[in-house]
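What follows is a set of notes on a single structure, which appears directly below.
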Amino acid sequence: MAATFFGEVVKAPCRAGTEDEEEEEEAGRRETPEDREVRRQLARKREVRLLRRQTKTSLEVSLLEKYPCSKFIIAIGNNAVAFLSSFVMNSGVWEEVGCAKLWNEWCRTVDTAHLSPSEAFCVFYHLKSNPLVFGSCPRRNMQITILTCRHVTDYKTSESTGSLPSPFLKALKTQNCKDTACCSLLEQPNIVHGLPAAVLSYCQVWKIPAILYLCYTDVMKLDLITVEAFKPILSSRSLKGLAKNIPQGTEVLKKLMTTNEIQSNIYT
Amino acid sequence: MFVPCGDWVPDLTGFTLLMPAVSVGNVGQLAIDLIISTLNMRKIGYFYTDCLVPMVGNNPYATAEDNSTELSTNAEVYSLPARKLVALQLRSIFIKYKSKSFCEKLLSWVQSSGCAKVIVLSSSHSYQRNDLQLRSTPFRYLLTPSVHKRIQNKIESLNWQEMEKSPCIPQMDDSEFCVRVPGGGITKTLYDESCSKEIQMAILLKFVSEGDNIPDALGLVEYLNEWLQIIKPCLQSDDPTTPALPWKIPSSWRLLFGSGLPPALF
């Protein structure tokens with residue numbers, strides 16, 4: 001509880017996230033077999049499903065078994081995806097091999113069974129033309145690169161965040177990743193959470209070389225300057241040789257920006 | 001599940017496991033940070049689980065450039081074999097409805113690894129204290145029935161205050177009394193599970209409010225130190241501002257309240 005200057009007593013939020021614990025305990029005590037069944041079905045609905053390209057059929061084997069590779073690149077967020085689409089996937093022939101669909105109570109769609117391919121949250125592509133990128137290497141030799149963005153106000157520094165030259169890149173890598181990052185590493189006490197953290201944690205625990213490139217920006221929607229901030233990565237070992245034509249990539253990016261621009265004017 | 005850093009699973013038979021409950025003010029976690037940092041404990045593995053929100057960052061206990069680039073995850077295990085101590089640090093909150101599952105997995109690992117006892121560092125909402133608690137020390141302890149008599153006697157000799165039972169349903173006048181730890185996160189679940197599994201567990205907690213909880217964490221580690229004698233007091237110096245015990249603040253405890261302020265504000 002906390003008292004405010006206005007004389008009210010309010011329930012202060014707890015940093016440790018313990019507000020729900022009593023609710024959960026109560027729910028646990030009153031739970032019937034029907035409740036447990038509902039919860040089990042909900043958990044099943046929330047499972048992430050991997051599907052083959054353009055169809056609704058599930059992949060019979062794991063994606064990496066069907067398409068073993070030595071480089072696995074993940075882009076999370078619109079700016080990171082725009083960067084990969086314009087500069088990397090624009091070179092060579094990339095084939096869509098699968099997609100991942102998921103559902104939870106926050107999705108506006110009804111459920112995974114009826115999601116159309118365009119509503120897939122995650123699409124997997126593999127480079128047909130370059131056998132060096134994909135070979136029958138065991139998983140240990142695979143290198144993972146993750147690209148994502150965060151708002152610059154998430155970055156902790158002793159200066160004010162307003163004075164930082166955003167956008168800027170920071171990197172985090174697992175113990176087994178021997179590559180040098182093409183930017184400085186993320187200093188303490190900064191942390192990363194969410195999907196990039198989940199992937200990096202998995203790689204750290206199971207000793208897979210992985211590197212995360214994090215772009216701190218003050219524009220979270222699709223933005224040319226933010227996407228271009230990822231450019232130094234094109235010369236890193238992770239993406240070397242995958243971007244053949246950078247000027248062309250820039251053109252593709254500019255086109256992507258114009259198609260995505262919403263002409264917003266409340267009078268039109 | 002426990003995943004070792006190296007190629008073999010370290011032998012933890014007879015070790016004491018120190019761990020935090022993610023609780024009000026994060027006091028338990030801050031206390032474990034202090035212990036790992038002060039004793040320079042070495043990372044021996046990860047507790048890989050889907051019950052905690054994922055998070056990564058560089059080594060929070062870095063002391064120099066060359067050790068500042070080791071990646072840390074949300075649940076890691078550190079050890080000090082010389083003192084037969086092993087510490088589990090939890091760095092993020094539980095995903096809804098997964099805390100009980102985590103407790104079961106954790107205690108199952110405790111039993112299989114052969115740890116002799118578990119000490120949980122926790123905290124409880126200070127506003128939930130009754131009149132007697134308001135007037136006494138803010139530290140409390142709880143022991144499961146299977147705790148060795150030798151430890152029970154030691155605790156008694158320290159004149160510590162046991163956590164009082166309170167009404168199970170506070171709003172009801174004739175409610176039964178039971179052990180409650182409001183704001184304690186998984187503390188109560190760990191206690192109940194350990195009682196039923198006959199695991200030797202001691203819970204040390206402090207009544208706190210949210211805010212700058214560093215002094216609370218220092219208080220809690222000193223409370224623990226009265227029993228375990230983790231570190232000895234250093235020689236008294238003439239400077240009254242020198243802390244009594246040389247607890248080493250981790251390098252990651254910077255900027256706890258955000259980045260610097262824009263000078264234009266003033």
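By convention in this document, chain letters (A, B, ...) are assigned in the order of the sequence lines, proteins followed by strands, and residues within each chain are numbered from 1. Every heavy atom of this structure was used, including side-chain atoms; hydrogens, water molecules and symmetry mates were not. All of these numbers come straight from a predicted model, not from anything done at the bench.
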**Side-chain (Lys156(A)) to main-chain (Phe257(B)) donor-acceptor, under 3.5 angstrom** = no
Is it the case that more than 12 heavy atoms not belonging to [X] sit under 6.0 Å from its [atom1] atom?
| X | atom1 | result |
| --- | --- | --- |
| Leu255(B) | CG | yes |
| Lys221(A) | NZ | no |
| Glu176(B) | CD | no |
| Arg237(A) | CZ | no |

**Asked** What residue in Thr153(A), Leu185(A), Leu172(A) has the most heavy-atom pairs under 4.5 Å with chain B?
**Response** Leu172(A)
**Message:** If you count heavy-atom pairs within less than 4.5 Å of chain B, which of Gly194(A), Ala198(A), Ala197(A), Pro196(A) leads?
**Reply:** Ala197(A)
Under the ring-ring contact (aromatic ring centres under 6.0 Å, His included) test, which residues partner [X], sequence neighbours left out?
| X | answer |
| --- | --- |
| Tyr213(A) | none |
| Phe2(B) | Trp109(B) |
| Phe230(A) | Phe83(A) |

**Closest contact, heavy atoms only, Thr73(B) versus Gln204(A)** = CG2-CG, 4.2 Å
**Message:** Could you report the tightest heavy-atom contact between Ser252(B) and Pro189(A), atom names first, then the distance?
**Reply:** O-CB, 3.3 Å
**Request:** Measure Ser163(A) against the heavy atoms of chain B and call it side chain, backbone, both or neither at under 4.5 Å.
**Result:** neither
**Message:** As a quick check of understanding, evaluate side chain to side chain contact (heavy atoms under 4.5 Å, CB included) for Ser68(B) and Gln188(A), giving each step before the final call.
**Reply:** CA-CA 8 Å; Ser68(B) 67; Gln188(A) 297 84 346; 3.9 Å; yes
**Item:** Part of Pro4(B) within contact of chain A (heavy atom distance under 4.5 Å)
**Value:** backbone
**Asked** Which atoms of Asn59(B) come close to chain A, meaning under 4.5 Å heavy atom to heavy atom: side chain ones, backbone ones, both, or neither?
**Response** both
Report the distance from atom [atom1] of [X] to atom [atom2] of [Y], rounding to the nearest 0.5 Å.
| X | Y | atom1 | atom2 | answer |
| --- | --- | --- | --- | --- |
| Cys177(A) | Leu71(B) | SG | CG | 10.5 Å |
| Thr69(B) | Glu187(A) | OG1 | CD | 12.0 Å |
| Tyr48(B) | Ser201(A) | OH | OG | 6.5 Å |

**Message:** Walk me through whether Ser259(B) and Thr161(A) qualify under side chain to side chain contact (heavy atoms under 4.5 Å, CB included).
**Reply:** CA-CA 7 Å; Ser259(B) 296; Thr161(A) 47; 3.6 Å; yes
**Item:** Close contacts, residues 51-58 of chain B versus chain A, judged by heavy atoms under 4.5 Å
**Value:** Pro54(B), Met55(B), Val56(B), Gly57(B), Asn58(B)
